[in-house]
Undergrad: 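Attaching a single structure in structure tokens format; questions to follow.
The figures that follow rest on heavy atoms only: side chains count, while hydrogens, waters and symmetry mates do not. All values reported here derive from a predicted model rather than from experimental measurement.
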Amino acid sequence: MTRLIALTMGLLTATTSVNAAECSNATLKRITERGEIAVGVKADYKPFGFRDPNGEVVGLEIDLAKEVAATLGVKLRLVPVVASNRMQFVEQGQTDLMIATMTDTKERRNIVGIPGPNYYASGTNILSPKALAFKDWKDLNGKPVCGIQGAFYNQSVSDKYGAKISAFTNAAEAKQALRDRKCVAFLFDDASIASDLASGSWGEFEMPLQSEDQAPWGLAVAKSEEACAFGTLISGLEYNWHRSGKLLELEKKWEIKSTGYLQSMHDKMADPIK
Amino acid sequence: MAVLLPLRAAPQMDGFSLTSWLANIKWWQIGLLLLIWPVHAFAQGAVTVNDALAVLYKWAPFLVLNGFLFNVLISVLSMALGTGLGVLVGLTLISKWYALRLIGNTGTAFFRNAPWLVLLFVVLLAFPFEFTIFGMRVPFPGWIKAVIGLSLPVAANIAIVVRGAIQSVPSAQWEAAESLSFTRIQTLWQIIIPQCIKRMIPPWMNWYAILTMATPLCSILGTEEMVTLTRQAMEAEGNKPEFLMPFYGFVLVLFFLYCYPIAKLTVRLERKFAVKL
């Protein structure tokens, strides 16, 4: 009985503390006041966010940012970010929203607010020479593997399978290292590897393993906005993009190899009334 | 039989070693390098030389206008700020007050010996991204922080240059000025510093060349300069390893074309102004 009371009390305080976290809605106020939303996007991750030869940043995530700005009726200002500063910018308020190919993890949720449902998901796989004939992730044990700095899966692959990761600043350098035989495989997300293989210039290479860690990607807002108006608005937009098929449409538009995640989300959230 | 051999100064590393090395590269050496370099670079991979050069040609205007000119802007502003600060700090180094000298010496020693990248990181993280002054929102973008971060080590080194130049003026000048009842400030501004400027120009240009070559460090902090944009351009072209050499080679050529004349001129001025012993 005492335990029950304690539990109830605990629950009550938990609820009140949520209510007590008053919403200042500072982000939303700032956006309306300036008539402009600053969105942190990638400029080095084709086809999600990259530059065209005129220097404009384009891509799937930029289309999403445009949708957010249109919904709020404000101008869009794109701020190119990299993995090492993207969360800091959102925390400080330098960007109001971040759409920058970020994998949603528990640790990251302690720093920034990541409203659901997740807008994309990808798995981890390797690009390796056919001659090496890898069958299982365990085959990488003790072998040198090239990766990209700031990718969350570097750690897990090295911990779980004992691969020795050397991380490069960009994919071109990592791929060159793979060609130069400085490593036996290039660790990256499966959608990108699939499009590389489809491009035809990697004839001697393959993506031999079962994709690991199908991990969801998240948009990020400031932690204080997560449960308030702006976070809720972003949640609603993400939900609508899944339901209306907007994300599937964009996946097709930017010729991204489907990972099946968007289709399954679309089916799950489909409108029951036809 | 013991013979006194002619005394020759051993070659030594000084502040000019980089510039004089750069200035000593001969044109025929560059030509030779250009002849053999692409052969090795393009010997591998499926993308032909022409493909890679066509892609580079497409991106070149953007890379030069938005990238390289921005590096030049960063270097010019950092140098201006660093020189202003450096002259002030340099004057504290020759101050008559011990406390001021101590502060100046400590600061100079610190900023001369701290890695530039670490200084950049500290400045980037320590300053806010915008200020509010009298209700006005003043943005404080990352590239301005980069300018400040790069100007700190430059200022410390310019301070040493200033001190060295002032000390190189024969002490008779000070004594003569004193006998004509010039004050210390008057002596400094009207007699000593005008003589120093000529001697400071070569080391000053040397530091400018070093600073310019250091500006790509900002790419690590996410500032949109030449190297950042080059990486983004390669990404947009599908991250083919065959593009690494042409694109980074292009960056190399641009920086070389900019710094080589500066280095040549520095060495020439240095010879011209050298004090004959």
Undergrad: For Pro141(B), which residues count as a side-chain contact (heavy atoms from CB on, under 4.5 Å) partner, sequence neighbours excluded?
TA: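 So Pro141(B) forms a side-chain contact (heavy atoms from CB on, under 4.5 Å) with Trp143(B), Ile144(B).
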
Undergrad: Roughly how far, to the nearest 0.5 Å, is the CD atom of Gln88(A) from the CG atom of Leu124(B)?
TA: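 So the gap between those two atoms works out to 6.5 Å.
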
Undergrad: Just wondering, more than 12 heavy atoms not from Gln29(B) lying within 6.0 Å of its CD?
TA: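 For Gln29(B), atom CD is crowded (more than 12 foreign heavy atoms under 6.0 Å).
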
Undergrad: If only side-chain N and O atoms count, and only distance matters, is there a donor-acceptor pair under 3.5 Å linking Glu173(A) with Tyr248(B)?
TA: yes

Undergrad: Contact part of Ser192(A) toward chain B, heavy-atom cut-off under 4.5 Å: side chain, backbone, both or neither?
TA: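 Neither part, no heavy atoms under 4.5 Å.
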
Undergrad: Where on Leu65(B) is there a heavy atom nearer than 4.5 Å to chain A: the side chain, the backbone, both, or neither?
TA: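 Interface part for Leu65(B): neither.
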
Undergrad: Between Lys58(B) and Pro53(A), which heavy-atom pair has the shortest distance, and what is it?
TA: CE-CG, 3.7 Å

Undergrad: Does the Glu235(B) side chain pair with the main chain of Lys46(A), one donor and one acceptor, at a distance under 3.5 Å?
TA: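 Confirmed, Glu235(B) side chain pairs with Lys46(A) backbone.
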
Undergrad: For Val57(A) and Gln232(B), what are the C-alpha separation, side-chain angles and deciding distance, and is it a side chain to side chain contact (heavy atoms under 4.5 Å, CB included)?
TA: CA-CA 10 Å; Val57(A) 184; Gln232(B) 292 177 357; over 6 Å; no

Undergrad: As an exercise, state the distance from OG1 of Thr228(B) to CG of Asp44(A), rounded to the nearest 0.5 Å.
TA: 9.5 Å

Undergrad: In terms of heavy-atom pairs under 4.5 Å, which option from Met234(B), Glu224(B), Glu237(B) contacts chain A the most?
TA: Glu224(B)

Undergrad: How long is the span from the CZ atom in Phe62(B) to the CD atom in Glu56(A), to the nearest 0.5 Å?
TA: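 That separation rounds to 9.0 Å.
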
Undergrad: Let me know if Arg34(A) has heavy atoms under 4.5 Å from chain B in its side chain, its backbone, both or neither.
TA: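 Looking at Arg34(A), just its side chain touches chain B.
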
